[in-house]
Amino acid sequence: IGPEVVAAAVVVLRAVGKRFGLDFDLREYPMGATGVAQHGDPFPEVTRSAVRQAHAVLLGAVGDPSLDNAPRHLKPETGLLALRAVLGVFANLRPVAIHPALLDCSPLRPEKLAGTDLLIVRELTGGLYYGEPRSNDGQSAVNTLRYSRTEIERVARVAFTTAQSRRRKLLSVDKANVLETSQLWRLVVTELGREFPDVALEHIYVDYAAMRLVSDPASIDVLLTENMFGDILSDEAAVLVGSLGLLPSASLGNGPGLYEPIHGSAPPLAGKDVANPIGAIASAAMLLRHSLGQPEAARAIEGAIARALAEGARTREIARSGETVLGTRAMTERIVAAI
Ligand code: IPM
Ligand code: MN
């Protein structure tokens, strides 16, 4: 569904551009399975050089079951990890806020969810995803979990700074009762915390964090964690809003930002005009805010999404029985109309 949801986000970008007098120079490049089909590489050289020169990169989703057993260098996921590494986007922001209109879409009770507005800050270019050595010879397999002080400090700084502009609470998630990397994580975050006396810092273990996310989500403001824990906890957090298809992300470093919905490529839905485009459209809003310095345009998109939902616009996975179901394109049109 990557290409479909990106197309939807582009339609919305053009609409907001029209309203705010912004002209985007949008260029499209192959990635993932498309990259493999066209160039034998999930992150082809053409794409590699283009992203370095862009102000921002908007990505749909990668993943293709036909490549699940391909050698690692041909897997779409390998291309995505290389893209994140090339851009050096070490801080992945995943906001999770409940749309009031969708309170009953979550399996959790509405009174547990009310007031939920949290931000996951996931370390994105280190940890198990990138650690060397790594291997699998069929008898034994190895991955390496390594974090340096520098890697921890720079992502923690993003989390503390962001918390300052929110409710000034930072929840740092680790497994310091077992892992050395987590002990260093906790130490570095604690030390950095002295620079941010106005932010209330709390450390919790990841197993308890998993529970806290569903038992008391409204108590969480900014949740900071390492790469793998952040991957897992962010899918769990999607349950709060009722659908993985709604959630956007921004990945930031010192160069161009990368913007992608947190959902995957959903092969069974691809090409059927049923996927929810909101995750991608909200990612475009984050792109406007964080990479293009257009906060008003970003808010216009976010407001339009909220309005469309409040007026009852529903894609299949968030519709209740009897409600009219919109396809990807029709949902996009509703959001455009609200802009
Ligand atoms: C995500 C995805 C990716 C990740 C996959 C596709 C490699 O699950 O962005 O959360 O694990 O980072
Ligand atoms: Mn994930």
Side-chain angles (χ1 to χ4, degrees), residues 1-3 5-6 9 30-36 41-43 47 51 57-96 118-131 134 136 143-145 147 151 155 173 206 209-210 213 223-241 243-253 257-270 275-276 278-280 282-284 286-287 290:
I1 62 173
V5 297
V6 168
M31 189 69 196
T34 316
V36 173
D41 185 344
F43 184 29
T47 308
V51 296
V57 178
L58 180 64
L59 183 131
V62 301
D64 189 317
S66 72
L67 292 166
D68 278 352
N69 297 311
R72 186 153 69 92
H73 72 279
L74 291 179
K75 280 178 175 288
E77 290 81 358
T78 304
L80 176 59
L81 297 198
L83 169 62
R84 291 169 177 172
V86 160
L87 295 178
V89 285
F90 56 83
N92 178 222
L93 313 187
R94 299 187 160 188
V96 180
L118 61 91
L119 175 73
I120 295 178
V121 179
R122 170 189 176 195
E123 198 291 324
L124 201 63
T125 51
L128 279 172
Y129 278 53
Y130 292 92
R134 59 190 299 158
N136 177 7
N143 286 102
T144 300
L145 179 52
Y147 267 109
E151 288 175 296
V155 69
V173 173
V206 63
L213 257 179
L223 188 162
L224 165 68
T225 194
E226 62 96 60
N227 202 346
M228 177 78 137
F229 296 160
D231 179 46
I232 298 167
L233 293 179
S234 56
D235 269 35
E236 189 194 3
V239 172
L240 304 170
V241 295
S243 166
L244 197 55
L246 293 164
L247 294 184
S249 84
S251 303
L252 310 176
L258 170 64
Y259 300 84
E260 38 172 334
I262 80 161
H263 62 68
S265 61
L269 308 184
N276 191 337
I278 292 181
S283 298
M286 294 189 87
L287 184 157
H290 294 283

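Keep in mind that the numbers below use all heavy atoms, side chains included, and drop hydrogens, waters and symmetry copies. For this chain, numbers begin at 1 and follow the sequence in order. Read the numbers this way: they start at 1 and go in the same order the structure lists the ligands and their atoms. Fair warning: this is a prediction, and the values are worked out from it, not measured in the lab.
- Neither the backbone nor the side chain of His263 has any atom closer than 4.0 Å to an atom of ligand 1 (non-hydrogen atoms only).
- Tyr130 is not listed as a side-chain neighbour of Thr144, based on a closest heavy-atom distance of 4.5 Å or more.
- In the vicinity of Arg84, heavy-atom distances shorter than 4.0 Å reach the ligand 1 atoms 1 (C), 3 (C), 4 (C), 9 (O), 12 (O).
- A cation-pi geometry, defined here as NZ or CZ lying under 6.0 Å from the six-membered ring centre and within 45° of its normal, does not hold between Arg94 and Tyr259.
- The protein heavy atom nearest to atom 7 (C) of ligand 1 is Glu77 CG, 3.8 Å.
- When only non-hydrogen protein atoms are considered, atom 1 (C) of ligand 1 lies nearest to Arg94 NH2, 3.4 Å.
- Side-chain polar atoms of Asp231 and Tyr129 form a donor-acceptor pair below 3.5 angstrom.
- A salt bridge links Arg84 with Glu260; the closest basic N to acidic carboxylate O contact falls under 4.0 Å.
- At least one heavy atom of Arg122 sits less than 4.0 Å from an atom of ligand 1.
- Considering only non-hydrogen atoms, atom 2 (C) of ligand 1 lies nearest to Asp231 out of Asp231, Asn227, Leu244.
- Within the 4.0 Å heavy-atom shell around ligand 1 one does not find Lys75.
- A donor-acceptor distance shorter than 3.5 angstrom exists from the side chain of Ser234 to the backbone of Gly230, with no hydrogens or angles considered.
- Applying the 4.0 Å criterion to heavy atoms of Tyr129 picks out, from ligand 1, the atoms 4 (C), 11 (O), 12 (O).
- With 2.8 Å as the limit, Asp231 counts as an N, O or S neighbour of the Mn ion (ligand 2).
- Using a 4.5 Å heavy-atom threshold, the side chains of Leu213 and Leu233 count as touching.
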